[in-house]
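Data first, discussion second: the structure below is written as structure tokens.
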Amino acid sequence: VQLQASGGGLVQAGGSLRLSCAASGSTFSSGAVAWFRQAPGQEREFVAVLRWYGVSAFHADSVRGRFTISRDNAKNTVYLQMDSLKPEDTAVYYCAASRRAYNSGSFHLYKRESEFDYWGPGTLVTVSS
């Protein structure tokens with residue numbers, strides 16, 4: 001599985017961006033795709049996760065209500081709609097895919113990077129104040 005993230009850029013605080021993560025190669029019918037981010041000088045952190053099939057999604061507390069993860073199965077693409085952006089959202093954003101199919105009650109396990117088998121190169125999001 002190859003993942004390619006796009007859509008990053010420079011935006012003013014309060015603005016919006018939509019990131020895309022296109023999957024190619026061998027895809028799978030179960031599992032999940034997530035977004036992580038890494039701010040300068042900080043460790044990479046979980047942002048949001050979505051199962052390839054079904055409606056279950058989970059967002060980190062820091063972005064809940066502002067960011068929304070979604071997908072288009074026909075295009076093998078996962079999106080991250082980011083609204084009400086803040087300077088502290090500035091980071092390189094990565095998409096990652098997992099073959100593990102946890103139910104919604106265990107979605108907190110997807111916060112761990114070790115649950116993900118495939119990673120794409122990141123896309124930089126810069127939010128100016």
Side-chain angles (χ1 to χ4, degrees):
V1 177
Q2 291 81 47
L3 303 172
Q4 183 63 55
S6 62
L10 174 64
V11 63
Q12 288 188 334
S16 298
L17 278 177
R18 189 178 79 158
L19 305 183
S20 299
C21 176
S24 60
S26 299
T27 56
F28 38 95
S29 59
S30 62
V33 177
W35 289 95
F36 287 77
R37 68 185 181 184
Q38 187 168 23
Q42 298 186 23
E43 295 185 352
R44 191 156 53 186
E45 65 173 359
F46 168 82
V47 175
V49 65
L50 179 68
R51 288 283 305 274
W52 274 115
Y53 291 94
V55 299
S56 296
F58 181 72
H59 298 77
D61 291 344
S62 58
V63 306
R64 190 170 297 127
R66 300 187 299 120
F67 292 10
T68 304
I69 189 171
S70 63
R71 68 175 186 270
D72 184 333
N73 290 94
K75 296 182 179 180
N76 281 338
T77 300
V78 173
Y79 303 99
L80 185 68
Q81 177 66 41
M82 306 186 295
D83 299 318
S84 302
L85 282 161
K86 304 175 181 179
E88 52 262 44
D89 295 318
T90 294
V92 176
Y93 285 71
Y94 299 89
C95 59
S98 172
R99 292 186 175 276
R100 296 155 186 79
Y102 295 121
N103 59 35
S104 58
S106 299
F107 263 38
H108 62 280
L109 296 175
Y110 285 128
K111 289 183 177 181
R112 304 183 300 198
E113 293 183 37
S114 59
E115 298 296 328
F116 292 86
D117 307 289
Y118 308 96
W119 291 82
T123 185
L124 176 63
V125 172
T126 303
V127 184
S128 63
S129 58

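We count residues from 1, following the sequence as given. This one's a predicted model, so the numbers in the text were calculated from it and none came from an experiment.
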* **Side chain proximity check, T90 to V127, heavy atoms < 4.5 angstrom** => yes

* Shortest non-hydrogen contact between G31 and R51, atoms and distance -> O-NE, 3.2 Å

* Asked: Can you list every salt bridge (Lys or Arg N to Asp or Glu O under 4.0 Å) pair that touches residues 105-126, not counting sequence neighbours?
  -> R44-E113, R100-E115, R100-D117, R112-E115

Name the atoms and distances for all side-chain donor-acceptor pairs under 3.5 Å in residues 81-88, with sequence neighbours left out.
| residue | atom | partner | partner atom | Å |
| --- | --- | --- | --- | --- |
| Q81 | NE2 | D83 | OD1 | 2.9 |
| D83 | OD1 | S16 | OG | 2.7 |

* Quick one: side chain to side chain donor-acceptor pair (under 3.5 Å) partners of Q4, sequence neighbours excluded? -> none

* Asked: Under a 4.5 Å side-chain heavy-atom rule over Ile, Leu, Val, Met, Phe, Trp and Tyr, are V63 and Y79 clustered together?
  -> no

* Structure fact -> In terms of heavy-atom contacts, V125 and G8 come closest through CG2-CA, 4.1 Å

* To do: Please check if the side chain of H59 supplies one atom and the backbone of I69 the other of a donor-acceptor pair under 3.5 Å.
  => yes

* Asked: Any donor and acceptor pair, going by atom type alone, linking the side chain of N103 with main-chain N or O of S106 inside 3.5 Å?
  -> yes

* **Pairs flagged by salt bridge (Lys or Arg N to Asp or Glu O under 4.0 Å) wherever residues 66-76 is involved - sequence neighbours left out** => R66-D89

* Asked: Where is the tightest heavy-atom contact between A23 and L3, given as atom of each residue plus distance?
  -> CB-CD2, 3.7 Å

* Structure fact -> CG of L19 to OG1 of T77, rounded to nearest 0.5 Å, is 12.5 Å

* To do: Linking directly or through intermediates, with side-chain heavy atoms under 4.5 Å: list the remaining ILVMFWY members grouped with V92, chain and number order.
  => F36, F46, V49, F58, Y94, Y102, F107, L109, Y110, F116, W119, L124

* Structure fact -> CG (L50) and CH2 (W35) are apart, to the nearest 0.5 Å, by 12.0 Å

* Asked: Pairs in or reaching into residues 40-129: which pass disulfide bond (SG atoms under 2.5 Å apart), with residues at least two apart or in two chains?
  -> C21-C95

